[in-house]
Asks: 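One structure, pasted below without further comment.
As the structure is a prediction and not an experimental result, all values here were calculated from the model.
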Amino acid sequence: MQKLFSSLAATSLAASLALALPVQAASNLPVVQEAPLRAHLAFLSDDLLEGRGTGQRGADLTVAYLESQARLIGLQPLRGNSFRQSVQIAGVKSQPENSSLQVVASDGKAVPLAFGPDWVWATGDSVPAHAFDAPLVFAGYGVTAPEEGWNDFKGVDVKGKIIVVMVNDPQPTEAEANRFAGKALTYYGRWTYKFEEAKRQGAAGVLLIHTKPSASYDWSVVQSSWSGSERFQLADRTAGTPLQGWITDDAARRLFAAGGQDLDALRAKAESKDFRVVALNLKLTGEMKSGVRKVEQFNIAGMVPGTDAKLKHEAVIYSGHWDHLGKQGKDDEKAGDTIYNGAVDNASGTAGLLAMAQEAVKKPAKRTQIFLWVAAEEQGLLGSAAYAADPLWPLNKTAAALNLDSLNFVGATRDMGAQGSERTELGAIAATVAKAMGLQIAAARPDLAGGYFRSDHFSFAKAGVPAFSINGGRDYIKDPGASKAKAAAYGPRYHQVTDEYDGSWDLSGMTQQAQFTLNLGQAVANAAKMPAWKAGDAFGKVREAAAK
């Protein structure tokens, strides 16, 4: 009955919007302009801003630019007179050369493990030095999921221990084809969840076993990000376990064998709800040292106050991250370049929000609209996580969070991506908005790599706010074959120095994507009620619990 009621409510809301939107689209809705979007995009991705790297000079320049633009556009601050929200971050870099960390078997012999090729680690709580004398245990997937009847930690206290866990979810079976969303990845499968759950369980540390099928990327990706450069974590919010790290599959096999266990056999047991934590007869000993520096970054937030006496106390958030990978200290051998400009990712979304805000202030909606540029997304959604922990607007009065991350630089499409919107009534609203614009919602694809959990909207979803990222369409209007090839060619440029702005880009698709997002936000801001999560959704339960 609850599912039926939710379905009817979504249908009713979509139907009312279907009657209102075509008229609004013709007369009342603000129209995003391409010229300012292009100007912002060109500037934000220019070498002058040095790739907008967290903790770098380019980040300071970007914040100053966004703050001045928010004021110029006519947005209003949410807290006092400042558009800035402080995000306290710790920059962490492993120091294996100053550390004595090792794994010792019960016979006293150390298991040979080389930092980088075999394992990587760093402090998870921003403390520069830790001493360990902690037993290792295998905790399966490291998951506690009451709605799945799953608890890898049942009956066992892992406080003060190092847990070794697998990445990804428990796999579906013939008898339970839909457990943990079947083939799609749930948040329980994300490595970030494993670290969070280890902290909740009181573990001293966690080592993730890497395989390419489970992680979806090579060990080289892990190695470079953990051993080659500074990593960032929130410094003044929930700290992680003292040790966080990864270990290769081959090294894990050697480790388990030294502890008298067979990794494959334990993996098989871990696919069952009956699995219990297994002691490995191994200890992590020695001292771990990490270089730690404190960095203050800023989210930039401005609002367009609502016009309705009652509904103005509720808000719609439009978000996008302003940071990228910054200026690296070593020339890229192929490009001879040191600046990771991040034109598509995510100068495009940052510029899109500026262009949207410029028009939104001219035609306010009933609910308040908040434009939020978040810091340090590339470091693990840190800026949006900081906002969710200290919101500038009450989360239970936040109707939706609509995120833009990497806009369509190829050309206009007949469809628009709304993956993740189907978890809430936003899916029905998005379809109605798309129809009013002569568009369709692109067919959803299985979320095998957990894309829903890897953009800033997820920080809001975790806090119970209906949220998703609006993606560009795939059905290109102009020269579909060439357009698809152009879009595909961006793949090798992702997170490379070659993600640079090109003045010849056709920004009709980018403008279209920004317009759809603004139209969707206006529809939510003018609707009779806030959108709800679909019945039974795990993140919907967060909002339900907060309401109680």
Side-chain angles (χ1 to χ4, degrees), residues 1-15 17 141-154 168-190 192-194 196-197 200 271-273 314 388 395-403 417-432 441 443-455 457-469 520 524 527-548:
M1 181 63 72
Q2 187 176 6
K3 289 184 178 180
L4 176 60
F5 178 80
S6 297
S7 175
L8 289 172
T11 302
S12 176
L13 182 56
L17 287 168
Y141 284 100
V143 167
T144 302
E147 71 277 12
E148 295 280 351
W150 197 282
N151 183 0
D152 283 326
F153 299 97
K154 55 186 173 291
N168 217 301
D169 298 315
Q171 298 302 294
T173 64
E174 288 187 13
E176 295 180 283
N178 292 319
R179 75 177 186 181
F180 289 91
K183 293 182 179 181
L185 186 72
T186 72
Y187 187 57
Y188 295 115
R190 286 281 290 156
T192 50
Y193 166 81
K194 314 292 184 178
E196 292 167 3
E197 186 60 28
R200 286 189 285 268
E271 297 294 343
S272 168
K273 292 180 180 179
E314 299 173 350
L395 294 176
N396 65 342
K397 296 292 185 180
T398 302
L402 308 176
N403 189 59
Q419 191 97 6
S421 67
E422 71 281 354
R423 303 178 72 125
T424 71
E425 291 178 342
L426 287 173
I429 304 172
T432 301
I441 296 298
R445 294 173 172 175
D447 193 4
L448 302 180
Y452 185 75
F453 316 113
R454 297 164 70 171
S455 288
H457 69 265
F458 183 59
S459 295
F460 294 95
K462 282 175 68 178
V465 177
F468 75 104
S469 288
L520 175 57
V524 174
K529 70 181 189 69
M530 297 198 301
W533 290 87
K534 294 293 181 64
D537 193 284
F539 302 122
K541 294 178 181 178
V542 176
R543 172 154 281 192
E544 291 173 6
K548 292 178 182 178

Asks: Grab the two heavy atoms, one from Asn403 and one from Ser455, that are nearest each other, plus how far apart they are.
Replies: ND2-CB, 3.8 Å
Asks: With rounding to the nearest 0.5 Å, note down the distance linking CD in Glu544 to CH2 in Trp533.
Replies: 11.0 Å
Asks: Give the minimum heavy-atom separation between Gly189 and Asp169, together with the two atoms involved.
Replies: N-OD1, 2.8 Å
Asks: How far does CZ of Arg445 sit from CD of Gln419, to the nearest 0.5 angstrom?
Replies: 8.5 Å
Asks: So Trp150 and Tyr141, would you call those rings parallel, tilted or perpendicular, with 30° and 60° as cut-offs?
Replies: perpendicular
Asks: Can you tell me how far the CG atom of Asp537 sits from the CZ atom of Arg543, to the nearest 0.5 Å?
Replies: 12.0 Å
Asks: Closer than 4.0 angstrom, basic N to acidic O: yes or no for Glu196 and Arg190?
Replies: no
Asks: Aromatic rings Tyr187 and Phe453: how do their planes relate, parallel, tilted or perpendicular, breaks at 30° and 60°?
Replies: tilted
Asks: Is the positively charged end of Arg200 above the ring of Phe153, judged by distance under 6.0 angstrom from the centroid and angle within 45° of the axis?
Replies: no
Asks: Nearest 0.5 Å please: distance from the CD atom of Glu147 over to the OH atom of Tyr188.
Replies: 3.5 Å
Asks: What's the shortest heavy-atom distance between Ala463 and Leu395, and which atoms?
Replies: CB-CD1, 3.6 Å
Asks: Within the structure provided, determine whether Asn151 and Lys273 are in side-chain contact (heavy-atom separation under 4.5 Å).
Replies: no
Asks: If you define the side chain from C-beta out and look only at heavy atoms, does anything of His457 sit under 4.5 Å from Tyr452?
Replies: yes
Asks: Hey, could you give me the CD/CE distance between Glu425 and Met530, rounded to the nearest 0.5 Å?
Replies: 11.0 Å
Asks: Look only at the side chain of Gln171 and the backbone of Glu271, and say whether a donor-acceptor pair between them is shorter than 3.5 Å.
Replies: no
Asks: Tell me the closest heavy-atom pair linking Ile429 and Pro531, and the distance in Å.
Replies: CD1-CB, 4.2 Å
Asks: Quick check for you: to the nearest 0.5 Å, what is the distance between Ser421 atom OG and Ile441 atom CD1?
Replies: 6.0 Å
Asks: For atom NZ of Lys183, decide whether the heavy atoms of other residues, nucleotides or ligands shown that lie under 6.0 angstrom number more than 12.
Replies: no
Asks: Taking the six-membered ring where the residue is Trp, are the ring centres of Phe460 and Phe539 under 6.0 Å apart?
Replies: no
Asks: Minimum heavy-atom separation for Tyr193 and Thr144, please, with both atom names.
Replies: OH-N, 3.0 Å
Asks: Do you know the tightest heavy-atom contact between Gly464 and Val542?
Replies: N-CG1, 3.9 Å
Asks: Tell me, with the steps shown, if Glu148 and Phe180 meet side chain to side chain contact (heavy atoms under 4.5 Å, CB included).
Replies: CA-CA 7 Å; Glu148 295 280 351; Phe180 289 91; 3.8 Å; yes
